[in-house]
Amino acid sequence: MGEIDIGRVQDVEALRGSEEKFKSLVETSADLVFRLDRTGHIEYINPRVYELYGYQVDELTGKHLTVTTPPEELPRAIEAMNRVLTGELLRDFEINQMDKAGRIIPMEINAAPVKKDGQITGIQGIMRDVTRRKQIEKELRIKSSAVAASINAIAMADLDGKVTYANDAFLKMWGYNDVSKVLGRTGSEFSQDAKKALMAIEALRTEGNWVGEGVAKRKDGSTFWASYSANMVRDDAGKPVCIMSSIIDVTEHKQALEELKQAKEHAENAKEQLEASVERANMLAQKALAADLAKSEFLANISHELRTPLNAIIGFSQVLAEQDLSDEQRHYMDIIRESSENLLQLINDVLDFSRIEVGKLDVQISDCPLGCLLAITESLMRPAAMEKGLKFEILQCGELPAKIRTDSARLRQCLINLIGNAIKFTEKGHVYVNISVQEFNGKPHIRFDVEDTGIGIPPEKQQLIFERFAHVDGTTTRRFGGTGLGLAITKQLANLLGGDICVTSEVGKGSVFSLRIPAGVDVKSQALLDRYDFVNELNSSRGSSEQVKFCGHVLVADDSRASQMLIRLLLERLGLQVTTAEDGKEAVQSAIGGIGRPFDLIFVDIQMPKMDGYDVARTLRREGIATPIVAVTAHASEGEREKCISAGCNNCLSKPINHKELVGILGKYLASESTAGGEKIESVKSQAGERG
Ligand code: ADP
């Protein structure tokens with residue numbers, strides 16, 4: 001061997017030392033370190049292979065790389081190996097490997113050719129397990145594709161607010177096709193309200209997040225309402241790294257809200273308007289009601305005022321008719337009387353109607369002898385029927401009670417209206433009143449069917465005629481006259497009495513008006529109406545017009561000269577001495593301090609200026625004057641009668657003065673030369689009072 005070359009020995013020692021170091025480095029490496037020969041057989045692999053693939057180093061040494069390469073990856077593996085064998089470096093080459101149990105492990109390979117004497121003899125390199133990285137990458141890919149596919153616009157910006165990412169929804173929302181036109185621009189450029197954008201950035205810096213709404217500006221300059229939710233993204237150390245913002249276009253939502261708000265405002269306005277309208281309508285209704293009441297009251301007053309002069313006309317025409325007149329004069333007189341009676345009827349109707357409207361017409365229910373009621377009605381209506389040559393009968397159909405409870409004056413008024421119409425609208429044939437008992441709503445009612453053979457009423461008018469001022473047609477009015485109030489009043493009265501009225505009719509054949517009112521008594525337990533009594537009543541009501549004379553001194557107090565003269569004339573004709581007074585005060589003076597013969601009877605008009613009739617009666621009674629006092633009144637209702645009596649009057653006489661009634665009253669208080677029956681005249685008196 002020769003002499004030992006110390007230097008060389010040292011080099012060999014150093015070399016060995018450094019080889020040991022490298023060996024240890026390679027053997028403890030966390031990555032796989034390998035070397036293949038040119039044919040792909042493993043020449044070396046470090047022990048890490050056991051942890052990764054489950055093979056011992058020995059098990060793999062000398063084996064071909066196919067042992068750890070899955071078949072499907074083999075072509076790529078061979079191809080990569082060949083590239084390295086041609087001298088190429090393999091960088092970050094990813095390939096799946098397979099462990100001893102067949103489990104696939106993603107690996108990343110960096111490899112280089114092994115050269116010896118300028119020849120490539122094999123391949124050496126490092127393989128790294130990239131399972132975890134792959135997993136992270138996959139998760140990231142999922143997350144970023146979720147962000148990219150989100151329907152919310154999502155953008156990221158750096159800490160200066162410059163956009164670093166924008167998803168498709170962002171581009172669509174802001175009207176961009178190309179993301180490069182967005183990246184790098186500051187967030188505030190996408191907003192209409194730069195101040196708000198700055199404020200948001202500030203809030204992100206200090207608070208770490210910002211939620212709010214703002215007007216965003218699109219690429220084309222148009223705007224929309226955006227709702228932002230932004231937050232600062234921090235790294236593991238808590239250091240801010242970027243800003244992330246999620247945005248929704250809330251324009252439609254805003255509009256819907258705005259519309260809702262407006263709809264609510266409209267609804268509130270409408271409600272206010274409606275309330276105002278209702279209030280106004282109520283006010284108008286109240287006004288209308290007040291006006292209606294005022295009108296009705298006016299009508300009531302005016303009708304009352306009209307009756308006074310009309311009473312005088314009727315009274316005087318009656319007086320004149322009794323004079324010796326030529327036939328022509330008598331004819332004219334009849335016209336005056338008939339016209340004024342018609343006028344009075346009209347005024348009374350208007351008065352009744354207005355009283356019904358203002359609710360002042362109340363009914364006075366009392367016992368009503370049916371026979372008496374029918375007798376009076378018959379005697380009142382028969383003359384008119386006879387005058388037209390009509391057969392007129394009041395017929396009892398079945399048993400009727402002798403007495404019912406109702407307002408007899410109002411019932412009579414209804415019957416007179418219906419019978420009057422039947423006579424008026426019938427030229428030939430008959431008018432019958434059929435009376436029967438009818439059960440209605442479990443209660444006994446009396447039914448009056450007023451039947452005629454007149455002109456009839458067409459079906460379409462049969463309801464209308466019960467309305468006020470209604471006629472079947474204009475020609476009827478011209479031919480027969482009438483105001484069109486009669487049936488309206490009759491219906492109202494029937495209702496006030498608790499009953500009703502209806503009609504059946506055929507044009508050209510006739511009509512039946514059926515009035516139904518409660519009997520007001522238990523019909524079964526009542527005495528029955530005796531046909532004989534009824535006929536007697538009839539005969540007695542037809543009465544006689546025997547002329548009587550009275551003696552006595554009578555005071556007449558009336559402010560109407562005409563009324564005063566009329567009553568004076570009537571009384572003087574009945575043989576009485578008459579003194580007149582112009583008003584209440586004068587009447588009291590005459591009655592208390594009058595010189596000459598004292599009064600046997602005093603007539604006081606109720607409506608007088610200075611002192612009215614009630615006061616006159618009260619004063620005289622207070623002064624101890626016992627002379628009978630008769631109140632003369634235009635409203636001869638039951639209520640009025642009671643009022644007069646309680647003021648001190650003895651009796652009540654209604655205007656227009658009915659001759660028989662006057663005679664009856666005089667007969668009660670004064671001596672007479674004839675004895676015309678007071679009772680008989682009393683029954684007639686009620687008929688005259690029916691229109692009071
Ligand atoms: P008037 O005062 O006009 O008679 P009414 O209210 O009593 O008013 O009657 C109203 C209308 O009903 C009359 O104008 C008439 O056309 C019709 N009418 C009433 N009764 C009869 C009847 N018995 N026959 C035919 N038509 C009638």
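One-based numbering, in listed order, for ligands and for the atoms of each.
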Honestly, for Val450 the part within reach of ligand 1 (heavy atoms, under 4.0 Å) is neither
Atoms of ligand 1 under 4.0 Å from any heavy atom of Lys424, numbered from 1 in the order shown, are 1 (P), 2 (O), 4 (O)
Honestly, for Leu487 the part within reach of ligand 1 (heavy atoms, under 4.0 Å) is both
Here the atoms of ligand 1 under 4.0 Å from any heavy atom belonging to Ile465 are 11 (C), 12 (O), 17 (C)
The atoms of ligand 1 lying under 4.0 Å from a heavy atom of Ile455, numbered in the order shown, are 25 (C)
- Message: I'd like to know whether ligand 1 has Lys461 as a neighbour, heavy-atom separation below 4.0 Å.
- Response: no
Applying ring-ring contact (aromatic ring centres under 6.0 Å, His included) to Tyr669 and not counting sequence neighbours gives none
### Message
With a 4.0 Å cut-off on heavy atoms, is Phe466 in contact with ligand 1?
### Response
no
Based purely on interatomic distance, does Phe513 place a nitrogen or oxygen under 3.5 Å from a nitrogen or oxygen of ligand 1?
no
side-chain hydrogen bond (donor to acceptor under 3.5 Å, both in side chains) test vs Ser514 passes for just one of Asn434, Thr504, Asp449, namely Asp449
(request) Just do the side-chain contact (heavy atoms from CB on, under 4.5 Å) check on Leu601 and Asn650 with the steps written out, would you? (result) CA-CA 10 Å; Leu601 188 61; Asn650 298 69; over 6 Å; no
Taking only non-hydrogen atoms of Ser511 and a 4.0 Å limit, the atoms of ligand 1 in range are 24 (N)
Applying salt bridge (charged side-chain N to carboxylate O under 4.0 Å, His left out) to Asp367 and not counting sequence neighbours gives Lys403, Arg405
Looking only at heavy atoms, the pair that brings Ser563 and Asp558 closest together is CB-OD2, 3.2 Å
#### Entry: Residues Asp605 and Lys655 bridged, charged N to O under 4.0 Å
yes
Taken to the nearest 0.5 Å, the spacing of Glu393 CD from Glu378 CD works out to 7.5 Å
Among Asn421, Ile457, Thr490, Leu418, closest by heavy atom to atom 20 (N) of ligand 1 is Asn421
